[in-house]
Number of protein chains: 4
Amino acid sequence: MSTTDTQPRRSIGAARNPDSHAAILAAAEEIFCESGYAGFSIEAVARRARAGKPTIYRWWPSKAHLLLDVYTRLKSSRMPDPDTGTLEGDIRSFLTELVRFWSGNTGGVYKSLIAEAQADHKAAEALQAYSIERTQHTAGMFERAKARGEMRADADSLAASDLMSAYAWKLLLTDRLADQADIIDKVTSILVRGLVK
Amino acid sequence: MSTTDTQPRRSIGAARNPDSHAAILAAAEEIFCESGYAGFSIEAVARRARAGKPTIYRWWPSKAHLLLDVYTRLKSSRMPDPDTGTLEGDIRSFLTELVRFWSGNTGGVYKSLIAEAQADHKAAEALQAYSIERTQHTAGMFERAKARGEMRADADSLAASDLMSAYAWKLLLTDRLADQADIIDKVTSILVRGLVK
Amino acid sequence: MSTTDTQPRRSIGAARNPDSHAAILAAAEEIFCESGYAGFSIEAVARRARAGKPTIYRWWPSKAHLLLDVYTRLKSSRMPDPDTGTLEGDIRSFLTELVRFWSGNTGGVYKSLIAEAQADHKAAEALQAYSIERTQHTAGMFERAKARGEMRADADSLAASDLMSAYAWKLLLTDRLADQADIIDKVTSILVRGLVK
Amino acid sequence: MSTTDTQPRRSIGAARNPDSHAAILAAAEEIFCESGYAGFSIEAVARRARAGKPTIYRWWPSKAHLLLDVYTRLKSSRMPDPDTGTLEGDIRSFLTELVRFWSGNTGGVYKSLIAEAQADHKAAEALQAYSIERTQHTAGMFERAKARGEMRADADSLAASDLMSAYAWKLLLTDRLADQADIIDKVTSILVRGLVK
DNA sequence: CTCTAACCGAGACGGTACGTCCTGTCTTCCA
DNA sequence: TGGAAGACAGGACGTACCGTCTCGGTTAGAG
């Protein structure tokens, strides 16, 4: 469903209309890319998507849920999950790719999600659940390093994953995603030395 | 100036009224403690402080600036700046104290500041300036370790400071400030090993 | 069909389901008695009657038609049509009984019908048709008085009927149905003197 | 302040802006004349008047109050208050003039007011107060007839005024304002005979 | 005895309007 | 001139209904 379509969609009956669902997500993404978080309102999304506000509220209980959906939709270009064979390569690759991944609109959406979570309790829960899932997944990178015998067995993979992503968060939240090759190197160096045998 | 005062303050003439300034900050802090970021609006602060909205806008160009003022005001209980004599002690102490420092309302204010910065460009600048200043200050902790010969000379103090505080930010932003002694230990361990000779 | 029934009614095939019809009218009446015109919506009636909205729209093209049905249903306790033998007795009896008849929920329904007719053209037609029929019927009261030789032959029965019921309408629409015995006497007196030989 | 002005009005400070007040009333009247009660929403008035909704709600607590203001504003062409020297002339003139007065948009506004009063309690109070005041004022017409010795002393002036205006209400509410000269004559005749000595 | 047409409940849909809250600007009046 | 006060245009919020539509299922009656 193109958002440039000026003909209103009709209901398809008592079942959820996938066209509406798609149009709303597309409109949300477009508005975000054009106007950022400041211009991102349910009202504006509804207008752009030619959808009724209640239709949005029916399926996304809060702005944060809609943002989260937009974010996961943007992840079609996959999240970094490197496996270079060395811990140092994995960490550097993870940070570099995540920074690149966030450098487009994706980062803005994620930032807004974090911001939204500070005001809205529901958003906080959704973000926390997502964040935990990601941290656990990324911990696999460190588990592989342990299996290779490269990483200390007594170093906590979850803590390492958490720490590494924390640094990415801070770069994102303080608008320092651009030109960070050198500082990523330095942080990678600290992390690697902190984790290897 | 008590906020329970029912007599309106009058202008004291062609000079800034320090009573108004204090009343506004006090009201802002109170509202934040009672209702959090969600209830924190210029309107509400003005109402509580018995001040006119233009008076607030005159002295604080944005909500973020007011938040920042509230935050620095809360820092009368000083920020952590440990000097235990060992790198491990310093790092553990820094994280522990920062977590404790943020556990009250202070953390909420700082979170909101970070959130606000994602939507408001002015807030972003203010936060970034503050954050850089803090990171540089905390880097001194690592410089002392280098001076003691405990830390590698080729490890970047700013990067270390940035990484450490990034972890604290993430704990704050994902509501995990409570009961983090064990995970702080694990992260401290990684950092220390990553930095020592 | 009780509205407390928790089992949904199914279609009975290619014919109108009288159970649904009855349930909708019952629900409409209940809602009106409980919440008045303000709470009276097609949505609410459908919910209460466990009916689909299209079922209601199929049989009652507008809210006014439903209201009119509810009203005529409430008229099982018959409308006043006195025949006391004297014009004065008839008029006083008509007004008194109509006021009493309207004093329950019936009056509220009729008021709402009049109100609805001001916004909705279809409602206006339905009300006008009903009103004309009633006025003509009541005119019979005056025709009987003429036949008795009590009323002037040149006084218009329809006009008299219209004027008398107009007064009842105004009492209804200005919430003055209660305790109107004295003012009804005064009006009756004017009307009688205006009509007798 | 012309409503065709496309430049937004600015606030004139801490005092009520008479331009806004006038623009809102003008817009309300225009919308009513164009679209009738059905299209008359606070939203539409605000849009047309280039006013914020809160500005309207600040000064008119309900739609009915706004309607009442529009109505009284339309009364610049004065309400009928005949003094022809005879009771019959006064009554006929009152009804005829009121019907003519209501034949434009004014009648529509008053109808809507009556309708609104059936749903909204506040509207009901406002209408009742207005209606009582009008009835009392019109009763003066009958008092003059009594003073002339034309009308029975024991006929109640208020009841007469109430009855007469009730008939006008019914004509209004049943859309029978046009071409009512003959029926007005008949009703006038009944009323006159009912009131004279 | 099958097929079809109309009915039923349910509920999603695009919309409109509601009444409230807040934003940032502006003006008036007081000290 | 600074400050309290508060009106202003504007816009987003989340909710309630509107009237329309489709769905899946049911049954009566037409062929």
Side-chain angles (χ1 to χ4, degrees), chain A residues 8-17 19-21 23 39-44 46-47 49-59 61-63, chain B residues 8-17 19-21 39-44 46-47 49-59 61-63, chain C residues 8-17 19-20 39-44 46-47 49-59 61-63, chain D residues 8-17 19-21 39-44 46-47 49-59 61-63:
Chain A
R9 287 178 310 282
R10 310 300 271 162
S11 167
I12 59 166
R16 182 168 190 176
N17 187 339
D19 282 352
S20 290
H21 184 254
F40 186 83
S41 68
I42 299 287
E43 195 105 12
R47 221 160 20 226
R50 301 191 60 84
K53 276 199 290 177
T55 302
I56 298 182
Y57 282 109
R58 181 156 30 237
W59 301 112
S62 79
K63 199 148 81 169
Chain B
R9 283 177 311 284
R10 308 305 264 154
S11 166
I12 58 171
R16 180 171 187 174
N17 187 338
D19 281 353
S20 290
H21 184 254
F40 187 83
S41 68
I42 300 288
E43 191 103 13
R47 212 156 36 221
R50 302 190 60 84
K53 278 198 291 177
T55 305
I56 299 183
Y57 281 111
R58 179 156 26 237
W59 301 111
S62 80
K63 200 149 80 169
Chain C
R9 285 178 310 283
R10 310 302 269 155
S11 167
I12 59 168
R16 181 170 190 175
N17 186 340
D19 282 352
S20 290
F40 187 83
S41 67
I42 299 287
E43 193 104 12
R47 215 154 36 219
R50 304 189 60 83
K53 278 200 287 177
T55 304
I56 299 183
Y57 282 109
R58 177 153 33 232
W59 302 112
S62 80
K63 200 149 78 168
Chain D
R9 286 176 311 283
R10 310 300 272 163
S11 166
I12 59 166
R16 182 170 189 176
N17 187 340
D19 281 352
S20 290
H21 184 253
F40 186 82
S41 69
I42 298 287
E43 195 105 12
R47 219 159 26 224
R50 299 192 61 84
K53 276 198 290 176
T55 302
I56 299 183
Y57 282 109
R58 185 164 16 243
W59 302 111
S62 79
K63 201 149 77 168

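To find a chain, count down the sequence lines: A is the first, B the second, and so on, and within it residues start at 1.
Taking OG of B/S41 as the start and NZ of B/K63 as the end, the distance is 6.5 Å to the nearest 0.5 Å. The OG atom of A/S62 lies 12.5 Å from the CD1 atom of A/I56; values are rounded to the nearest 0.5 Å.
Of the candidate nucleotides E/dC7, E/dC22, F/dC13, E/dC22 has the atom nearest to the side chain of D/P54. When each of E/dG19, F/dT15, E/dA10 is scored by its nearest atom to the side-chain atoms of A/Y57, the top-ranked nucleotide is F/dT15.
Residues D/A46 and D/G52 share a closest heavy-atom pair of CB-C, 4.4 Å.
The shortest side-chain heavy-atom distance between B/R58 and B/T55 falls under the 4.5 Å cut-off.
Computed from coordinates, the C/E43 CD to E/dA10 P distance equals 13 Å when rounded to whole Å.
At the phosphate of E/dG14, OP1 or OP2 sits under 4.0 Å from a side-chain N or O atom of A/S20. Regarding contacts with the backbone of E/dC8, a side-chain N or O of C/W59 is found under 4.0 angstrom from either OP1 or OP2. Put simply, B/R58 has no side-chain N or O that comes within less than 4.0 Å of OP1 or OP2 on F/dG2. OP1 or OP2 of E/dG9 sits under 4.0 Å from a side-chain N or O of C/T55. Contact between the side-chain N/O atoms of B/R47 and the OP1/OP2 oxygens of F/dG6 is not found at any separation under 4.0 Å.
A donor N or O paired with an acceptor N or O is not found under 3.5 Å between the base of F/dG10 and the side-chain atoms of D/K53.
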